[in-house]
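Written below as structure tokens is the structure these notes are about.
These numbers come from the heavy atoms of this one structure, side chains and all, not from hydrogens, waters or symmetry mates. Heads up: numbering here begins at 1 and tracks the sequence.
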Amino acid sequence: MALILIPPLIFLKTLHPELIKSVCIEVIVAGLFLVWLCMSIERRYLSYPSNPLNLSNPPNPPIRKTPMDIPLLLFLLAAALSTVFSRYPKLSLISLLQLSSYILIFFLVVNFADDKKKRDNMLKAMMILAFITCIYSFMIYAGFDWTVTWRENRLASTFANSNFFAAFLIMALPVAFHLYFRKQKTVRSSIYLIYLLIIALILNNLLCTFSRSAWIGCIISLFFIAVADHRHIWTQRSKLAMMIILLASFSALVFAKNVNLCPLYPSSSGATSEAIMAKAEQSFTYGNDSSYRYYTPTMKDFEYYQIKDLAGEMGLNESVPYLSIHLDPARKLHYITALDIFSDNLVSGTGIGTYGFMLPDYVPSKTPLNIYYSPETVHTHNEFLQIMAEMGLPGLITFLWVMLVFFYASFSMMISLGKKAGKKENGYSEKRSLIIALVAGIIALLIQNIFTVSMRYPSVTIFFWVFLGMVFASEDSARERAKKLKNKPDQKKWLRVLLVSAIILGLAFFVYAGSRVLLSDLYTSYPVNEYGLRKAIALNPYNMDPYLSLAVKAKQDGRPDIVIESMKMLNRTFPDYFAVNYVLGLTYCQTGDYVNAISELNKVKNKRLVEKWLIFAAYRKQNNIPPEQAINATIYING
């Protein structure tokens, strides 16, 4: 319950809200793992019971085995391999630990949610979360927004990013359908009306996220439910009629001429359909607009202001292409770049969590810096391509294996449960209906992630792994598993004490490290001053933002020495990262040290047109070449 409800509802405004959520999730998972392990040792979960067939007093279940175990461990091994050969090993190690904690969620759910009551509580917690986050969106319409928002005209609720919020909604919708169509114990029970309301809220919020990939995933997942569970749905005719009325009314409002269900999104005539068409036309473009709010202004400040100042000082023409950001479609650019990175790193990839740091070395030279200001959050807009680029072929193959095993096992369970239910129940069983809903949620998420990477966002990732685990947790009960057990001796007492002590120490270290990460982020955010930024760097050297923020503040205060110092500190943590050489080159130009400026700018591996112009300008300034005698910059650089 805590894992489902707490992380998505964190309202703290910070530069990276997902960082806070990620640390929160990892602390909860570590705590749950400790509790589960202690219970396992105390109640002999780690050993088989002495009398497995004593069904009058069923034994405590051991660690459960699933068909997913080997594929998941191999996927984790592929991530570890990419970490060993990573371009930024320490950064990849952090991402590997995060992935390990997420995979651990799967095993915890498999072993914890092994009875109907626990699974129901988890599903209801998800519905409570869906209701709260959808209601909060209406508060945003009223002007009450206390969270960091990616775009002001697209609903994001407490998820910071509209695509991530949409990912949660398309996973919550099949669960809401399952609970709505579930057979009630009493005829007069009207709790299904609450789920009908939640479905209506989810549909409205999903529309207003304007996440086109989520819309596609949602439609396909609902079609899957209609096909796989049609016999049961047809028996609930009164509920089906109400659902049809709801969907028809919603569709009518969407296509009404003067009705805008999403007032935050611009529409000349106030029609939702017009806003949808306008959004559809932005496919495979940057879609940049004035409402965009960057998490960090750091690299943007250097790109927009410092180059402009230098261009004026050096007599460069104002037509130098350093402001345009509509040169290439963003998704197309990332797809091509990811494939280029993959082709150069087939076996191990560049390291898990490093795509944003490798991007500047591969993007076309005419592309501006805007698309990679925050390398920790930059992605390929395609989960499968990102796995290929960061983890190579082993990562892609093992991930596809995980998904293949999941779908094969899920469909096998659905067929088996349908046969057991027989003709009397029209093939219906509550367990089968739940599995269909969970599989539909996974299908929707995978389809959406062909165009984004919401699976990497902490508040979405937890539901991905919870759904995977819940499918196998519902496979059989503790009593059914007891029939398959064999004798095994108890664990020794000293081993129990040693294991628990190791876990406690590990958890304490993790809480300590997590607190330093959180404090670093807070020092970077509130307030932004030199002391706080230096403190943030000391607490977490792997957070790039305080280095860049310190450089920007020093630039604003006219202190180039601090800019140079902050970039050199960044270079010690992230060697060979383009921002170091790029910003140092700009700063040396500003201070008149053109020799060092040319040296630093020449270290940029994949020179864009901006770097070429700056090198030429520094060369011209250094040699006192009058503007009227200046040669073409491109000819000079290439010559």
Side-chain angles (χ1 to χ4, degrees), residues 18 75 78-79 82 92 95 98-99 102 150 154 159 161-168 170-171 209-221 279-280 282-287 328-346 348-364 367 370-372 374-404 406-407 441-458 460-461 463-465:
E18 66 270 22
F75 178 60
S82 74
S92 292
S95 298
Q98 291 175 341
L99 177 63
Y102 295 148
W150 180 54
R154 295 171 61 181
F159 286 74
N161 185 304
S162 53
N163 289 319
F164 301 156
F165 183 38
F168 163 72
I170 60 177
M171 297 189 77
T209 61
F210 281 90
S211 176
R212 295 152 293 182
S213 55
W215 295 344
I216 297 171
C218 175
I219 292 170
I220 294 176
S221 68
K279 180 62 182 174
Q282 295 176 4
S283 298
F284 291 92
T285 65
Y286 280 104
D328 276 313
R331 282 187 171 87
K332 176 184 174 183
L333 171 68
H334 282 292
Y335 294 168
I336 295 173
T337 303
L339 289 172
D340 287 343
I341 294 174
F342 171 66
S343 65
D344 290 344
N345 305 272
L346 289 172
S348 62
T350 59
I352 183 172
T354 61
Y355 173 77
F357 293 85
M358 298 302 300
L359 181 63
D361 294 338
Y362 284 87
V363 293
T367 305
N370 303 66
I371 61 166
Y372 42 80
S374 299
E376 301 95 330
T377 57
V378 167
H379 54 80
T380 63
H381 292 271
N382 183 303
E383 178 65 31
F384 306 95
L385 287 178
Q386 186 133 348
I387 291 174
M388 287 170 59
E390 294 183 348
M391 297 171 59
L393 272 177
L396 179 65
I397 292 172
T398 52
F399 179 75
L400 293 177
W401 187 13
V402 168
M403 290 293 95
L404 182 63
F406 168 74
F407 284 115
I442 296 295
I443 290 173
L445 187 66
L446 289 175
I447 291 172
Q448 190 213 24
N449 276 263
I450 296 175
F451 305 100
T452 184
V453 289
S454 59
M455 287 169 60
R456 291 173 181 257
Y457 181 69
V460 176
T461 300
F463 293 104
F464 174 74
W465 294 106

Inset, instruction - Apply side-chain contact (heavy atoms from CB on, under 4.5 Å) to Phe407 and Leu446, showing your working. - result: CA-CA 12 Å; Phe407 284 115; Leu446 289 175; 3.8 Å; yes

Inset, instruction - Kindly indicate, with the supporting measurements, whether the criterion side-chain contact (heavy atoms from CB on, under 4.5 Å) is fulfilled by Tyr102 and Phe464. - result: CA-CA 9 Å; Tyr102 295 148; Phe464 174 74; over 6 Å; no

Legend entry - Ser213 and Ile450, any side-chain heavy atoms less than 4.5 Å apart: no

Inset, instruction - Could you check if a side-chain atom of Tyr355 sits within less than 4.5 angstrom of a side-chain atom of His334, using non-hydrogen atoms only? - result: yes

Legend entry - Nearest non-hydrogen partners of Val453 and Asn382, listed with the distance: CG1-C, 3.8 Å

Legend entry - Atom pair CE (Met455) and CH2 (Trp465), whose distance is rounded to the nearest 0.5 Å: 7.0 Å

Inset, instruction - Please report the shortest heavy-atom distance between Phe210 and Trp215, naming the atom on each side. - result: CA-CZ2, 3.5 Å

Legend entry - Audit row: Met388, Leu339, side-chain contact (heavy atoms from CB on, under 4.5 Å) steps and yes/no: CA-CA 8 Å; Met388 287 170 59; Leu339 289 172; 4.0 Å; yes

Legend entry - Beyond-backbone contact of Asn163 with Arg154, side-chain heavy atoms, under 4.5 angstrom: yes

Inset, instruction - Considering non-hydrogen atoms only, spot the tightest contact between Ala78 and Thr398 and give its length. - result: CB-OG1, 3.9 Å

Inset, instruction - For Ala444 and Ile170, work out which heavy atoms get closest and say how close. - result: O-CD1, 3.5 Å

Inset, instruction - First locate atom OG of Ser454, then atom CZ of Phe168, and finally report the distance between them rounded to the nearest 0.5 Å. - result: 12.5 Å

Inset, instruction - Can you measure from CE (Met171) to OG (Ser221) and round to the nearest 0.5 angstrom? - result: 10.0 Å

Legend entry - Under 3.5 Å side-chain donor-acceptor pair for Asn449 and Arg456: no

Legend entry - Evaluation steps, side-chain contact (heavy atoms from CB on, under 4.5 Å), between Ile216 and Arg212: CA-CA 6 Å; Ile216 297 171; Arg212 295 152 293 182; 5.5 Å; no

Legend entry - Separation between CD1 of Ile387 and CZ of Phe384, rounded to the nearest 0.5 Å: 7.0 Å

Legend entry - Atom pair CZ/OG of Phe357 and Ser92 - distance to nearest 0.5 Å: 9.5 Å

Inset, instruction - Starting at CG of Asn345, measure out to CE of Met358 and round the result to the nearest 0.5 Å. - result: 6.5 Å

Legend entry - Leu393 and Phe342, any side-chain heavy atoms less than 4.5 Å apart: yes

Inset, instruction - Just say parallel, tilted or perpendicular for the rings of Tyr457 and Phe159, cut-offs at 30° and 60°. - result: tilted

Inset, instruction - Work out which heavy atom in Met391 is nearest to a heavy atom in Phe75; give both atom names and the distance. - result: CE-CE1, 3.6 Å

Legend entry - Heavy-atom pair with the smallest gap, counting every atom of Ala166 and Gln448: CB-NE2, 4.2 Å

